[in-house]
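Before any comments, here is the structure.
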Amino acid sequence: MTGAGGFSVSGYGPERGGLWARLSARDSVVRRLDWPLLLSALALSCLGSLLVWSATRGRTELNNGDPYHFLMRHSLNLGIGLVLMIATVWLGHRTLRGAVPVLYGLSVVLVLLVLTPLGATINGAHAWLVIGGLSLQPSEFTKVTIILSMAMMLAARVDAGDQLHPDHRTVAKSLAFAALPMGIVMLMPDLGSVMVMAVIVLGVLLASGASNRWILGLIGTGVGGAVLVAVLGLLDEYQINRFAAFANPELDPSGVGYNTNQARIAIGSGGLYGAGLFNGAQTTGQFVPEQQTDFIFTVAGEELGFVGAGLILFLLGVVMWRACRIARETTELYGTIVAAGIIAWFAFQSFENIGMAMGIMPVAGLPLPFVSYGGTSMFAVWIAVGLLQSIRVQKPISA
């Protein structure tokens, strides 16, 4: 008998010796999960809860006088994320493959709604939907649907045995599907999310075995597009200021360079072991803006020091390592492409978030995966973990 996700559940009756026997069976879903991946991601989210709590417990203008407000919300978001991960594993990435057209259409509709009166501007980016007090950032879900839709198209004929690599027409079609939501997100404008999506597309193409001409062409188009955007003045003032502050942090230390300078001070003051949780001067003094979201890494650097910040990097490294292993071991191109897209997403977004906190990357308004406060981001990354686990679970068991 086969479950909804496509994995075997035969022989799970009482005759197998009860619940423990079912869970410990060689083909059990629980045993086939990638536990280092799951535990590392969970540790990052739990550590993020403490950092978010530290960054917000004294922010009465944000927490309405409740020091536990953001801690409880972050924990609730994590719980919902875990439920979404379990649901994704249960459905399976192969089942979701058939639902890609519906998921893609829904994601396009959601990002389009941001451009209507339902959309809201937060931190300069008109990238949010606010419905009945609930705020969502649809571009986070779009990252998932871009990965799934491109993987479905690029792998279809290869997994069927008709081709060794996707042909030019298939690659062009997949890029067109990715370009539509990316173009809408650019109109918001949400440059940070578009940067992540562009890296995802590049990672997907590399994993698919597409011709190198497409890879080089995509890189050239990206560089040319960035130059064109700058020349035509299509960036908003706050985005220009962010790049100016990155190029010269001392240009306006009390203005456009304030965020970066305060973030570097916070991280630099942490030393080896940090000032201790809840004891960071920059954090308790509320000198670093958006510290619970974009600049959450500064809390770790200041209060947990090099050791705590290094632990975050180590856990992120474990997540990437296990994801790479899943991508390498799967026997279908579709699974490889999905895993590669997630790796590109997590790797670039982590590098950008930590880099902007340390002043080596421009501020782009991207959360640190699993760690930063934000419901939509938390839901999206745990759905991605569910996809990775599904690829692992549905891999054939060797004899």
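All figures in this text were calculated on a predicted structure; none of them were measured in a lab.
- Both the sub-6.0 Å distance and the 45° axial angle are not jointly satisfied by R73 relative to the ring of Y373.
- The CG atom of L71 lies 11.0 Å from the CG atom of L51; values are rounded to the nearest 0.5 Å.
- Shown here for L42 and W382, the closest heavy-atom pair between the two residues is N-CH2, 3.7 Å.
- Within the 4.5 Å cutoff, no side-chain heavy atoms of V288 are placed close to those of T283.
- Using a distance-only test at 3.5 Å, with no hydrogens or angles considered, no donor-acceptor pair links the side chain of S390 to the main chain of G386.
- T88 places a side-chain N or O within donor-acceptor distance of the main-chain N or O of L84, the cut-off being under 3.5 Å.
- In plain terms, the two heavy atoms of E303 and N279 that are nearest each other are OE2-N, 3.6 Å.
- In summary, the side chains of T298 and Q282 do not present any donor paired with an acceptor at a separation below 3.5 Å, with no hydrogens or angles considered.
- Under a hydrophobic clustering in which Ile, Leu, Val, Met, Phe, Trp and Tyr are joined whenever their side-chain heavy atoms come within less than 4.5 Å, directly or via other members, V102 and I147 fall into different clusters.
- Between P36 and V318 the shortest heavy-atom distance is O-CG1, 3.9 Å.
- Separation of atoms CG (D190) and CE (M182) is listed at 11.5 Å; rounding is to 0.5 Å.
- If you take CG on D34 and CD1 on I391, they are separated by 11.5 Å, rounding to the nearest 0.5 Å.
- Criterion: ILVMFWY side-chain heavy atoms under 4.5 Å apart, direct or through other members. Under it, V381 and I343 are not part of a common hydrophobic cluster.
- Under 3.5 Å, the side chains of Q292 and T56 contain no donor-acceptor pair of N or O atoms.
- Side-chain atoms of N353 come within 3.5 Å of backbone atoms of L366 as a donor-acceptor pair (strictly under, hydrogens ignored).
- Side-chain N or O atoms of Y104 include one that pairs as donor or acceptor with a backbone N or O of F177 at under 3.5 Å.
- Following chains of ILVMFWY side-chain contacts shorter than 4.5 Å, one can reach L37 starting from W321, so the two form part of one hydrophobic cluster.
- Counting heavy atoms from C-beta on, the side chains of L47 and L304 come closer than 4.5 Å.
- Side-chain atoms of E329 and R392, non-hydrogen and from C-beta on, do get closer than 4.5 Å to each other.
- Side-chain atoms of S269 come within 3.5 Å of backbone atoms of I265 as a donor-acceptor pair (strictly under, hydrogens ignored).
- With rounding to the nearest 0.5 angstrom, the CE atom of M150 is 7.0 Å from the OG atom of S208.
- Side-chain atoms of H93 and E332 include a donor-acceptor pair closer than 3.5 Å.
- To the nearest 0.5 Å, atoms CG (L44) and CG (L39) are separated by 11.0 Å.
- Within 6.0 Å of the CZ atom in F306, the count of heavy atoms belonging to other residues, nucleotides or ligands does not exceed 12.
- A salt bridge links R157 and D167; the closest N-O separation between the charged side-chain nitrogens and carboxylate oxygens is under 4.0 Å.
- Of the possible polar contacts, none joining the T330 side chain to the A327 backbone as a donor-acceptor pair under 3.5 Å is found.
- Note on L216: it does not cluster hydrophobically with V171, by side-chain heavy-atom contacts below 4.5 Å among ILVMFWY residues.
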Exercise for the section: Could you please spell out the steps behind the side-chain contact (heavy atoms from CB on, under 4.5 Å) verdict for T376 and F141? Expected result: CA-CA 8 Å; T376 316; F141 295 130; 3.7 Å; yes

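- No side-chain heavy atom of T284 sits under 4.5 Å from any side-chain heavy atom of F278.
- When every heavy atom of P289 is checked against every heavy atom of F295, the shortest pair comes out as O-CD1, 3.4 Å.
- For Y68 and W53, the gap between ring centers is short of 6.0 Å.
- Remark: side-chain polar atoms of S40 are not paired, donor with acceptor, to backbone N or O of V319 under 3.5 angstrom.
- Q137 contributes no side-chain N or O that, together with a main-chain N or O of S377, makes up a donor-acceptor pair within less than 3.5 Å.
- Looking only at side-chain heavy atoms (C-beta outward), T145 and V108 stay at 4.5 Å or farther from each other.
- Two residues are said to be in side-chain contact when any heavy atoms from C-beta on lie closer than 4.5 Å; W35 and V30 meet this criterion.
- Atom CD1 of I215 and atom CG of L202 lie 5.5 Å apart (nearest 0.5 Å).
- Residues M358 and R264 form no side-chain contact, since every pair of their non-hydrogen atoms from C-beta on lies 4.5 Å or further apart.
- Looking at P67 and R59, their side chains never come closer than 4.5 Å, going by heavy atoms from C-beta outward.
- Using a distance-only test at 3.5 Å, with no hydrogens or angles considered, a donor-acceptor pair links the side chain of T116 to the main chain of L113.
- In this structure, S193 and S139 approach most closely via the heavy-atom pair OG-OG, 3.4 Å.
- The aromatic rings of H168 and W214 sit tilted relative to each other, their planes meeting at an angle between 30° and 60°.
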Exercise for the section: Begin from the C-alpha positions of D294 and L368 and carry the test side-chain contact (heavy atoms from CB on, under 4.5 Å) through to its verdict. Expected result: CA-CA 7 Å; D294 299 348; L368 183 58; over 6 Å; no

Practice task
Go through F351 and M361 one step at a time and tell me if the side-chain contact (heavy atoms from CB on, under 4.5 Å) criterion holds.
Solution key: CA-CA 9 Å; F351 176 77; M361 291 293 286; 3.6 Å; yes

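- With S45 contributing its side chain and F370 its backbone, the two residues share a donor-acceptor pair below 3.5 Å.
- Annotation for A281 and E302: closest pair N-OE2, 2.9 Å, computed over non-hydrogen atoms.
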Exercise for the section: Any chance you could lay out the side-chain contact (heavy atoms from CB on, under 4.5 Å) test for L38 and Q389, step after step, and finish with the verdict? Expected result: CA-CA 8 Å; L38 178 59; Q389 295 288 8; 3.6 Å; yes

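- Criterion: ILVMFWY side-chain heavy atoms under 4.5 Å apart, direct or through other members. Under it, I312 and Y273 are not part of a common hydrophobic cluster.
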